[in-house]
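If you read the sequence from its start, that first residue is 1, and numbering goes on from there.
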Amino acid sequence: MGRIVVTLALASALAGVACRREPPPAAQTQTDPMVQQLRSMTARFAPVDLTADISSLPANERQALAKLIEAAKAFDSLFLRQVWAGNEPLLLTLVRDSSDLGRARLHYFLINKGPWSRIDDNEAFVPGAPPKPPQGSFYPPDSTKNEIESWIGTLPATERNRATGFFTTIRRGPDRRLMAVPYSIEYQPEVGRVAALLREAAGLTAQPTLKRFLDARADALLSNDYYASDVAWMELDASLEPTIGPYEVYEDEWFNYKAAFEAFITVRDDAESAKLARFGSELQEIEINLPIDPKYRNPKLGAMAPIRVVNTVFSSGDANRGVQTAAFNLPNDERVIQEKGSKRVMLKNNQDAKFRMVLQPIAKVALASADQAAVSFDAFFTHILMHELMHGLGPHNITVGGRSTTVRQELKETYSAIEEAKADVSGLFALQFLVDRGKLDQALSQTMYTTYLASMFRSIRFGINEAHGRGVAMQLNYFLDNGGVTVASDGTFAVNQQRIRQNVIDLTRDLMTLQAVGGYTDATQMIQRLAVVRPQVEAVLDRLKDVPVDIEPRFVTAEQLEAKEEEP
Ligand code: ZN
């Protein structure tokens with residue numbers, strides 16, 4: 001099977017699905033129940049046009065951007081192959097099936113990058129598909145987890161590092177012995193093509209840090225040594241902000257060793273970047289005004305981890321499957337993190353699309369009608385920015401019984417939920433503080449609490465088994481117990497403006513004080529008591545069944561850009 005064929009099949013499949021919106025329900029008089037079922041599964045991802053403003057980019061930068069999109073496309077088929085060796089042949093079969101059922105399967109396959117529904121515990125939706133292989137195609141198909149584990153145990157240090165590294169697959173040699181194969185060899189044709197396109201983009205851009213990153217990443221794809229290019233990515237300071245390469249290890253469910261290919265081709269959001277810089281200069285002032293005992297405040301905050309706000313023009317591979325990424329932290333290489341730290345990239349237009357397609361419909365169901373109008377994207381996104389910054393404030397290095405330690409060490413498994421709740425609620429505190437000091441518009445205090453109330457339902461809906469959901473459930477129950485949030489007799493929720501501010505101050509104090517003293521027992525009790533879904537909340541979640549879970553983006557700006565570049 002030719003790989004070019006698969007790339008073309010994928011391209012035409014994507015185009016076909018993008019152009020073809022499903023017929024409205026009224027037209028479905030006698031639809032096959034299987035088609036019906038697939039369509040309702042697919043409808044949980046609301047189709048949305050994703051756009052980014054590239055009007056201020058000079059022609060050469062736009063050409064560079066078009067090259068980056070072209071490069072990113074190669075990662076869709078590579079990622080398919082990494083998920084399962086059978087993915088590409090199955091895609092070719094699905095593309096050839098023009099029946100309604102075939103189209104419906106293809107559409108959902110493309111959303112999931114495979115025949116398993118990622119938000120339904122990877123349940124297969126194409127007949128004959130095996131269960132999703134937890135090891136992807138990173139290890140030999142006839143190997144077992146035990147075999148790989150004991151083989152790795154026999155290796156000397158250097159070879160073991162290679163075998164457990166991000167950028168190798170494990171294969172059998174002719175003698176059936178296991179060996180590590182670098183991605184630069186395993187995926188040679190594709191990574192070679194991507195490297196060439198990155199070099200072309202590097203030749204087009206006039207921005208030195210971008211040029212350096214693109215050249216370094218092209219080298220990395222061919223040499224399999226990503227270190228220098230990760231460093232260059234940390235130093236990137238340009239209007240185009242591409243993240244392209246093998247990064248996250250979630251598809252390797254055996255060991256989380258192997259990185260999957262992905263690309264986020266994005267452009268910097270200058271207005272939000274300016275807002276971030278402004279907030280950055282207020283952080284020390286916020287810290288010394290935190291509602292905690294002054295002895296727990298930090299008189300001199302350290303350097304802030306870099307944050308970029310960008311808009312997605314195109315994404316591919318691991319960056320475009322199932323639920324869409326709203327923000328990410330990279331790189332994952334510990335050596336780079338030690339030396340340069342890591343960078344948080346926030347995808348503003350993805351968040352805006354999620355806000356419109358998911359959060360607003362949730363607000364219509366969950367909130368009292370008077371409150372619905374107060375839900376605003378500006379409040380939503382500004383709070384997310386402040387949440388990220390607040391992770392850097394409050395207690396981190398603490399003293400417990402004369403011993404120097406950290407909040408993370410003392411709070412153990414309760415740490416993440418407490419820390420996420422802290423960042424959320426102290427984010428509200430910080431925004432109110434800036435409003436009161438005249439640094440932010442007064443209107444924000446009329447929208448941010450209600451917007452946050454709606455967004456709490458969105459988080460809890462994703463489940464309270466992970467830190468974010470737990471932290472949010474704790475806050476919502478705290479507000480309910482202390483009057484900041486009320487429930488009407490019709491089951492809708494509302495913010496009580498008279499109480500919410502004091503609730504936010506009190507909960508910020510409780511959480512940060514608990515962190516400052518390393519109160520593990522208190523944290524455990526607080527989670528047991530508050531990180532639960534109470535019947536009133538459950539009733540709202542039940543009424544959210546028809547609200548989309550997430551979005552299915554169509555990359556309109558990328559399509560327009562490509563159409564332009566193809567003109568003679
Ligand atoms: Zn967080």
Open item on the list: Could you check whether any side-chain heavy atom of Val375 comes within less than 4.5 Å of a side-chain heavy atom of Thr447, counting everything from C-beta outward?
Closed with: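 Sidechains of Thr447 and Val375: no contact.
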
Open item on the list: Could you check whether any side-chain heavy atom of Met512 comes within less than 4.5 Å of a side-chain heavy atom of Pro291, counting everything from C-beta outward?
Closed with: no

TODO: Please name the pair of heavy atoms, one in Ile244 and one in Ala263, separated by the smallest distance, quoted to 0.1 Å.
DONE: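 The pair with the smallest heavy-atom distance is CG1-CB, 3.9 Å.
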
- [ ] Work out which heavy atom in Ser445 is nearest to a heavy atom in Gln432; give both atom names and the distance.
- [x]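 For Ser445 versus Gln432, the nearest heavy atoms are CB-OE1, 3.5 Å.
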
In Å, rounded to the nearest 0.5 Å, how long is the span from [atom1] of [X] to [atom2] of [Y]?
{"X": "Tyr296", "Y": "Leu290", "atom1": "OH", "atom2": "CG", "result": "13.5 Å"}
{"X": "Leu110", "Y": "Asn112", "atom1": "CG", "atom2": "CG", "result": "9.5 Å"}
{"X": "Gln360", "Y": "Arg458", "atom1": "CD", "atom2": "CZ", "result": "13.0 Å"}
{"X": "Leu389", "Y": "Met386", "atom1": "CG", "atom2": "CE", "result": "6.0 Å"}
{"X": "Asp481", "Y": "Asn477", "atom1": "CG", "atom2": "CG", "result": "6.5 Å"}
{"X": "Thr51", "Y": "Asn311", "atom1": "OG1", "atom2": "CG", "result": "8.0 Å"}

Ion pair [X]/[Y], N-O distance below 4.0 Å:
{"X": "Arg297", "Y": "Glu287", "result": "no"}
{"X": "Lys422", "Y": "Asp510", "result": "no"}
{"X": "Glu282", "Y": "Arg437", "result": "no"}
{"X": "Arg470", "Y": "Glu420", "result": "no"}
{"X": "Asp230", "Y": "Arg217", "result": "yes"}
{"X": "Lys275", "Y": "Asp269", "result": "no"}
{"X": "Glu241", "Y": "Lys343", "result": "yes"}
{"X": "Asp550", "Y": "Arg44", "result": "no"}

Open item on the list: Listing request: all salt bridge (charged side-chain N to carboxylate O under 4.0 Å, His left out) pairs with a residue in residues 231-240, at least two apart in sequence or in separate chains.
Closed with: Arg212-Glu235, Glu235-Lys340, Asp237-Arg268

- [ ] Just grab all the salt bridge (charged side-chain N to carboxylate O under 4.0 Å, His left out) pairs involving residues 440-455, residues at least two apart or on different chains.
- [x]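 For residues 440-455: none.
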
What do you reckon, is [atom1] of [X] surrounded by more than 12 foreign heavy atoms closer than 6.0 Å?
{"X": "Asp546", "atom1": "CG", "answer": "no"}
{"X": "Tyr227", "atom1": "OH", "answer": "yes"}
{"X": "Asp121", "atom1": "CG", "answer": "no"}
{"X": "Arg118", "atom1": "CZ", "answer": "yes"}

Open item on the list: I'd like to know whether Met474 forms a side chain to side chain contact (heavy atoms under 4.5 Å, CB included) with Leu511, so could you lay out the CA-CA distance, the side-chain angles of the two residues, the decisive distance to 0.1 Å, and finally the verdict.
Closed with: CA-CA 11 Å; Met474 283 168 55; Leu511 289 169; 4.1 Å; yes

Task: From CA spacing to verdict: salt bridge (charged side-chain N to carboxylate O under 4.0 Å, His left out), Lys113, Asp76 - done: CA-CA 8 Å; Lys113 296 276 161 67; Asp76 269 328; 2.9 Å; yes

Taking [Y]'s backbone N and O only, do any of them form a donor-acceptor pair with [X]'s side chain (distance below 3.5 Å, no angle check)?
{"X": "Arg321", "Y": "Gly114", "answer": "no"}
{"X": "Gln351", "Y": "Ala326", "answer": "yes"}
{"X": "His383", "Y": "Asp424", "answer": "yes"}
{"X": "Thr557", "Y": "Ala52", "answer": "yes"}
{"X": "Thr382", "Y": "Ala379", "answer": "no"}
{"X": "Asp252", "Y": "Tyr257", "answer": "yes"}
{"X": "Glu339", "Y": "Val231", "answer": "no"}
{"X": "Gln515", "Y": "Gly394", "answer": "no"}

Task: side-chain hydrogen bond (donor to acceptor under 3.5 Å, both in side chains) between Thr205 and Glu61, intermediate numbers included - done: CA-CA 5 Å; Thr205 180; Glu61 302 298 339; 2.8 Å; yes

- [ ] Start with the C-alpha gap between Leu240 and Ile265, add the side-chain angles, then the distance that decides, and say whether side chain to side chain contact (heavy atoms under 4.5 Å, CB included) holds.
- [x] CA-CA 8 Å; Leu240 311 184; Ile265 307 303; over 6 Å; no

So, do [X] and [Y] have ring centers that fall under 6.0 Å from each other?
{"X": "Phe79", "Y": "Phe261", "value": "no"}
{"X": "Phe462", "Y": "His468", "value": "no"}
{"X": "Phe355", "Y": "Phe381", "value": "no"}
{"X": "Phe457", "Y": "Phe493", "value": "yes"}

Residues [X] and [Y]: side-chain donor-acceptor under 3.5 angstrom:
{"X": "Asp490", "Y": "Thr492", "result": "yes"}
{"X": "Tyr250", "Y": "Asp318", "result": "no"}
{"X": "Glu552", "Y": "His107", "result": "yes"}
{"X": "His387", "Y": "His391", "result": "yes"}

- [ ] Starting from the C-alpha separation in whole Å, work towards a yes-or-no answer on ring pair (Phe, Tyr, Trp, His ring centres under 6.0 Å) for Phe328 and Tyr247.
- [x] CA-CA 11 Å; Phe328 57 87; Tyr247 281 108; 7.7 Å; no

TODO: Verify side chain to side chain contact (heavy atoms under 4.5 Å, CB included) between Asn122 and Asp120, making sure each step is shown before the conclusion.
DONE: CA-CA 5 Å; Asn122 290 320; Asp120 301 301; over 6 Å; no

Open item on the list: What verdict does the side-chain hydrogen bond (donor to acceptor under 3.5 Å, both in side chains) test give for Ser55 and Asp53, after you've listed the backbone C-alpha separation in whole Å, the side-chain angles of each residue and the deciding distance to 0.1 Å?
Closed with: CA-CA 6 Å; Ser55 58; Asp53 183 5; 2.6 Å; yes

Open item on the list: Would Asp352 and Arg356 count as a salt bridge (charged side-chain N to carboxylate O under 4.0 Å, His left out) here? Give the steps.
Closed with: CA-CA 6 Å; Asp352 181 45; Arg356 283 183 284 120; 3.5 Å; yes

Open item on the list: Applying the side-chain hydrogen bond (donor to acceptor under 3.5 Å, both in side chains) criterion to Tyr520, which one of Glu410, Glu413, Gln409, Gln525 satisfies it?
Closed with: Glu413

Task: From CA spacing to verdict: side chain to side chain contact (heavy atoms under 4.5 Å, CB included), Ser117, Ile119 - done: CA-CA 6 Å; Ser117 180; Ile119 57 169; 4.2 Å; yes

